[in-house]
*Asks:* 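One structure is given below, represented as structure tokens, and several questions about it will come after.
Note that the coordinates shown come from a computational prediction; the quantities given were computed from them, not determined experimentally.
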Amino acid sequence: MVTCAVTTSVLGCIVTSYLFFRYTWYWDLSLIQKSLIFASFILAGCIPLLVSYNMEHILGRFYPFYRYALYFVFIDCIILFTLTLLSDAVFFVLSYTPLVSKVKICCCYMNYVLVGLAVVCSAYALYAGMKVPEIKSITIVSDKLAVNRKIVLLSDIHIHRAICPEKIKGIVEKTNALNPDIILLAGDIIDDDVRRVSGVTSLLKGLKAKEGIYFVTGNHEFYAGYTETVVELQRLGFKFLENSGISLKDIYLAGVPDLFSGEAFGKKIDLDRTFAESRPNQFRLLMSHTPADFGHNNNFDLEVSGHTHGGQIFPFHIFTKLHNKYLSGLYPMAGNARIYVSNGAGQWGPQMRFLAPSEITLLNLTAPKQKGKQ
């Protein structure tokens, strides 16, 4: 986690350095004044290193406000950087057209427009990250299903000490209002010391599903403490699936450990073992926190995953897509399998989202003859 904060801060400093030279270098200021301004830009780039939980010892109950405020500044810089690059590219192209004279006039005011637009976008990103996610409904039809089922998929809630408990209450209320048959917790549910967030995590105990609530580990459960997080979620009454599954009549529900972090902690995925007790005529549903195509081992009908957050904040969509074949939504896979990747109900790092809305996913598993008879 520290390595990730360092890497993000290095990238942040590159971004803020560009913004300094792009927006302030030509101001009529002394060298000392410019140096102080440059230092403040570099400090803004290092914000991922400045929001450590260690600051809570100094700030106490004001720590969440401090964390949210600093991340707002950091993401505002990222968005401004993106808007600036796009704007400069457009004006560069237009400068070689007959519109060149109008371009020069517009350039005089564009910096103010871009700064204002970045602030507006950042404010919306903060709202989008803090609000209770909307319901996203997906219908999956299979002749292996005997009856219709409503399954709610919750992924990447990322419960930590600075999260607003009201958001967790809202997630629970919206989920229960769907009257689900099954609830799936697809990893990265807990993202902090279990003892530190047990009060908030306990709010999930309010979740209700007729045929049970099941969970798998994500990479952040391993970071927070594998044993502690598993025990905590089991204490709440949720059933743990790790290279194992359970028959629910016409459905075989299975789960595997996180693809990358699990292996690093000695928890390797074993699909043969996972589906060993399933029957050929059952609809096989696999929970895997990290979306992965297992190729010729895709011995399931549907995989549900999270992890990507749909990119969470544009333009990170681009980098997330480079590292994940499946970013967000429903995709076909090798064989006859399909995968659904949720944007997740929460966030990692900044409690902000931009062009990647959070979601509570309602999976309508539908038998062909009963389609539409929910």
Side-chain angles (χ1 to χ4, degrees), residues 1 3-5 7-8 129 133 136 138 151-160 163 171 183-192 214-226 229-230 233 238 240-243 254-265 267-269 271 274 285-295 298 300 302-331 333 337-361 363:
M1 297 296 287
T3 302
C4 186
T7 301
T8 307
K136 185 174 180 180
I138 304 294
I151 299 179
V152 171
L153 171 65
L154 296 174
S155 178
D156 300 275
I157 298 176
H158 286 277
I159 293 175
H160 55 79
I163 200 169
I171 290 173
I183 295 176
L184 304 179
L185 304 176
D188 282 7
I189 304 303
I190 299 176
D191 189 12
D192 202 344
Y214 305 85
F215 75 96
V216 295
T217 50
N219 52 309
H220 283 264
E221 271 84 20
F222 284 97
Y223 304 152
Y226 171 82
T229 53
V230 169
L233 291 172
F238 308 153
F240 184 37
L241 298 176
E242 183 176 78
N243 287 327
V256 293
D258 182 62
L259 180 64
F260 300 114
S261 298
E263 188 165 337
F265 285 82
K267 302 287 183 179
K268 295 185 178 181
I269 292 176
L271 287 183
T274 299
L285 197 162
L286 174 69
M287 261 200 299
S288 171
H289 174 68
T290 300
D293 191 334
F294 301 99
N298 285 347
F300 48 83
L302 177 66
E303 177 183 340
V304 292
S305 301
H307 184 63
T308 68
H309 298 197
Q312 187 166 323
I313 297 169
F314 188 82
F316 291 113
H317 299 55
I318 299 169
F319 306 108
T320 306
K321 180 62 177 176
L322 290 175
H323 288 87
N324 296 275
K325 182 177 180 181
Y326 307 110
L327 179 66
S328 174
L330 187 65
Y331 301 86
M333 303 175 76
R338 284 179 286 181
I339 182 171
Y340 181 78
V341 184
S342 169
N343 281 359
Q347 295 77 229
W348 173 78
Q351 296 304 290
M352 301 170 73
R353 280 183 174 266
F354 187 56
L355 303 182
S358 57
E359 65 179 75
I360 295 171
T361 315
L363 296 171

*Asks:* Over all heavy atoms of both residues, which pair between A356 and G311 is shortest? Give the atoms and the distance, please.
*Replies:* CB-C, 4.5 Å

*Asks:* Determine the interplanar angle of the Y223 and H220 rings, folded into 0 to 90°, and report it as parallel if under 30°, tilted if 30 to 60°, perpendicular if over 60°.
*Replies:* perpendicular

*Asks:* For P315, which residues count as a side-chain contact (heavy atoms from CB on, under 4.5 Å) partner, sequence neighbours excluded?
*Replies:* I78, T82, I318

*Asks:* Using the side-chain hydrogen bond (donor to acceptor under 3.5 Å, both in side chains) criterion, which residues pair with Q351? Sequence neighbours excluded.
*Replies:* H160, Q347

*Asks:* With a 6.0 Å cut-off on the ring centroids, do F240 and F215 count as close?
*Replies:* yes

*Asks:* Going by salt bridge (charged side-chain N to carboxylate O under 4.0 Å, His left out), name the pairs with one or both residues in residues 307-318, residues two or more places apart or in two chains.
*Replies:* none

*Asks:* For L330 and Y340, which heavy atoms make the closest approach, and how far apart are they?
*Replies:* N-CD1, 3.7 Å

*Asks:* What pairs with K325 under salt bridge (charged side-chain N to carboxylate O under 4.0 Å, His left out), at least two apart in sequence or on another chain?
*Replies:* D293

*Asks:* Drop me the distance from L271's CG to F300's CZ, to the nearest 0.5 angstrom.
*Replies:* 6.5 Å

*Asks:* Check side-chain hydrogen bond (donor to acceptor under 3.5 Å, both in side chains) between D192 and all other residues, then give those that pass, not counting sequence neighbours.
*Replies:* R161

*Asks:* Taking atom types as modelled, is there a side-chain donor on S305 or E303 under 3.5 Å from an acceptor on the other?
*Replies:* yes

*Asks:* Y331 and Y326: aromatic ring centres closer than 6.0 Å?
*Replies:* yes

*Asks:* Looking at residues at least two apart in the chain, or sitting in another chain, which of them share a side-chain hydrogen bond (donor to acceptor under 3.5 Å, both in side chains) with H309?
*Replies:* D156, H158, Q312

*Asks:* Under 3.5 Å, is there a donor on one side chain and an acceptor on the other for N343 and S328?
*Replies:* yes

*Asks:* Does a donor on one side chain and an acceptor on the other come within less than 3.5 Å for H289 and D188?
*Replies:* yes

